[in-house]
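Down below is the structure, laid out as structure tokens.
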Amino acid sequence: MITPAELREAYAAGDTIRLPTSGTAGRPRWVVRTAASWVDSFLVVAGMCGLTAASRTWVPGPIEASMNAYAICLADHVGSRLVHDHREATPAFCTPSRLLQLLHQKPDPLTFVIAGDRLAAALAQRAVDGGHTVHHYYGAAQLSFVAWGRDADSLTLFPEVAAMTVDGELWVTSPWLCLREEGT
């Protein structure tokens with residue numbers, strides 16, 4: 001998986017990075033993308049979720065998952081300190097199932113950035129009712145960001161993204177797309 005230092009080096013050199021897919025649509029593959037396709041989206045995402053150098057970011061999932069690697073590199077880019085406990089965090093980047101686990105613990109108000117699965121409107125509302133701020137995005141290792149909202153029912157296209165459905169398939173145009181996929 002890519003580390004923040006490796007991403008910075010690739011970006012400075014105008015190189016590509018290679019990331020594994022999750023394999024949700026079959027066997028995991030590798031995605032090759034420009035380092036810029038991530039780095040150039042950092043300020044957009046940081047602005048949408050309020051991430052700053054003063055933030056203390058918690059990313060509980062494995063760095064092998066591209067959504068977590070992205071969140072760690074994003075935090076590094078804006079100067080946010082990574083923390084290892086949600087009780088120290090201001091934003092948390094996690095899945096809907098992790099959000100549900102955390103809500104049972106009644107944490108102090110956090111900003112949640114949720115991905116990795118569909119976030120139901122009822123779960124997002126439960127978090128909001130508990131004093132939390134919730135952001136949800138749809139994307140994939142190949143596409144990066146496609147849509148952003150509070151929950152799966154409120155998603156709208158991410159900035160600079162155009163999408164349409166053709167014969168039941170989602171077609172996306174975006175500066176955040178990968179260059180190609182490679183078999184494992």
Side-chain angles (χ1 to χ4, degrees), residues 19-29 31 33 37-38 40-51 55 57-75 80 86 89-178 181:
L19 308 162
T21 68
S22 65
T24 53
R27 192 176 152 145
R29 296 173 305 281
V31 170
R33 61 173 51 253
S37 70
W38 266 20
D40 293 348
S41 71
F42 285 163
L43 294 182
V44 176
V45 173
M48 293 174 82
C49 67
L51 186 69
S55 300
T57 302
W58 182 55
V59 184
I63 192 170
E64 293 79 21
S66 62
M67 66 179 261
N68 297 327
Y70 179 92
I72 290 167
C73 291
L74 167 64
S80 171
H86 70 84
T90 48
F93 289 75
C94 61
T95 62
S97 60
R98 181 58 69 112
L99 171 63
L100 181 58
Q101 291 171 354
L102 285 171
L103 292 180
H104 289 301
Q105 298 175 26
K106 300 188 182 344
D108 289 337
L110 284 167
T111 294
F112 287 102
V113 180
I114 306 296
D117 200 355
R118 183 178 174 83
L119 177 60
L123 180 54
Q125 187 60 51
R126 180 174 167 191
V128 168
D129 290 346
H132 306 288
T133 301
V134 179
H135 302 279
H136 176 51
Y137 71 85
Y138 167 74
Q142 302 87 334
L143 303 173
S144 204
F145 295 95
V146 176
W148 188 280
R150 189 191 80 162
D151 54 62
D153 294 340
S154 69
L155 294 173
T156 60
L157 288 176
F158 192 77
E160 299 186 53
V161 171
M164 63 185 203
T165 304
V166 178
D167 297 328
E169 290 183 338
L170 179 64
W171 288 68
V172 176
T173 303
S174 165
W176 325 117
L177 300 176
C178 76
E181 287 186 51

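Starting from 1, each residue takes its place in the sequence as its number.
- By the ring pair (Phe, Tyr, Trp, His ring centres under 6.0 Å) test, Tyr138 pairs with no residue at all, sequence neighbours left out.
- Checked against side chain to side chain donor-acceptor pair (under 3.5 Å), Ser41 has the following partners two or more places apart in sequence or in another chain: Tyr70.
- Phe112 is not listed as a side-chain neighbour of Pro91, based on a closest heavy-atom distance of 4.5 Å or more.
- By the 4.5 Å heavy-atom criterion applied to side chains, Phe42 and Leu74 are counted as neighbours.
- Residues that satisfy the side-chain contact (heavy atoms from CB on, under 4.5 Å) test with Ser37, not counting sequence neighbours, are Arg33, Thr34.
- Among residues two or more places apart in sequence or in another chain, the side-chain contact (heavy atoms from CB on, under 4.5 Å) test is passed with Asp40 by Tyr11, Ala36, Trp176.
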Could you list the donor-acceptor pairs under 3.5 angstrom formed between side-chain atoms of residues 118-136 and any protein atom two or more places apart in sequence or on another chain?
residue	atom	partner	partner atom	Å
Arg118	NH2	Asp153	OD1	3.3
Gln125	OE1	Arg150	NH1	2.7
Gln125	OE1	Arg150	NH2	3.4
Gln125	NE2	Asp129	OD1	2.7
His132	ND1	Leu110	N	3.0
His136	ND1	Ile114	O	2.9
His136	NE2	Leu119	N	3.3

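- In this structure Ala71 satisfies the side-chain contact (heavy atoms from CB on, under 4.5 Å) test together with Val59, Phe93, sequence neighbours excluded.
- Remark: Ala69 pairs with Met1, Ile2, Trp38, Ile63 by the side-chain contact (heavy atoms from CB on, under 4.5 Å) rule, at least two apart or across chains.
- Side-chain atoms of Thr57 and Ser55 include no donor-acceptor pair closer than 3.5 Å.
- When the side chain to side chain donor-acceptor pair (under 3.5 Å) test is applied to Ser144, no partner is found at least two apart in sequence or on another chain.
- In this structure, the side chains of Ser66 and Val31 stay at 4.5 Å or more apart for every pair of heavy atoms.
- At a threshold of 4.5 Å between non-hydrogen side-chain atoms, the residues Leu143 and Leu177 count as touching.
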Between Val146 and Leu170, does a side-chain contact (heavy atoms from CB on, under 4.5 Å) hold up when you go through it step by step?
CA-CA 10 Å; Val146 176; Leu170 179 64; 4.3 Å; yes
Using the side-chain contact (heavy atoms from CB on, under 4.5 Å) rule, take Tyr137 and Val113 through it: C-alpha gap first, then chi angles, then the decisive distance, then the call.
CA-CA 8 Å; Tyr137 71 85; Val113 180; 3.9 Å; yes
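- One finds the CE atom of Met67 at 7.0 Å from the SG atom of Cys94 (value rounded to the nearest 0.5 Å).
- A 4.5 Å side-chain heavy-atom check between Leu157 and Trp148 finds every atom pair outside the cut-off.
- Checked against side chain to side chain donor-acceptor pair (under 3.5 Å), Gln101 has the following partners two or more places apart in sequence or in another chain: Arg98.
- Screening residues 154-175 for side chain to side chain donor-acceptor pair (under 3.5 Å) gives no qualifying pairs among residues at least two apart or on separate chains.
- For the atom pair OG of Ser80 and CG of Leu51, the computed distance is 5.0 Å after rounding to the nearest 0.5 Å.
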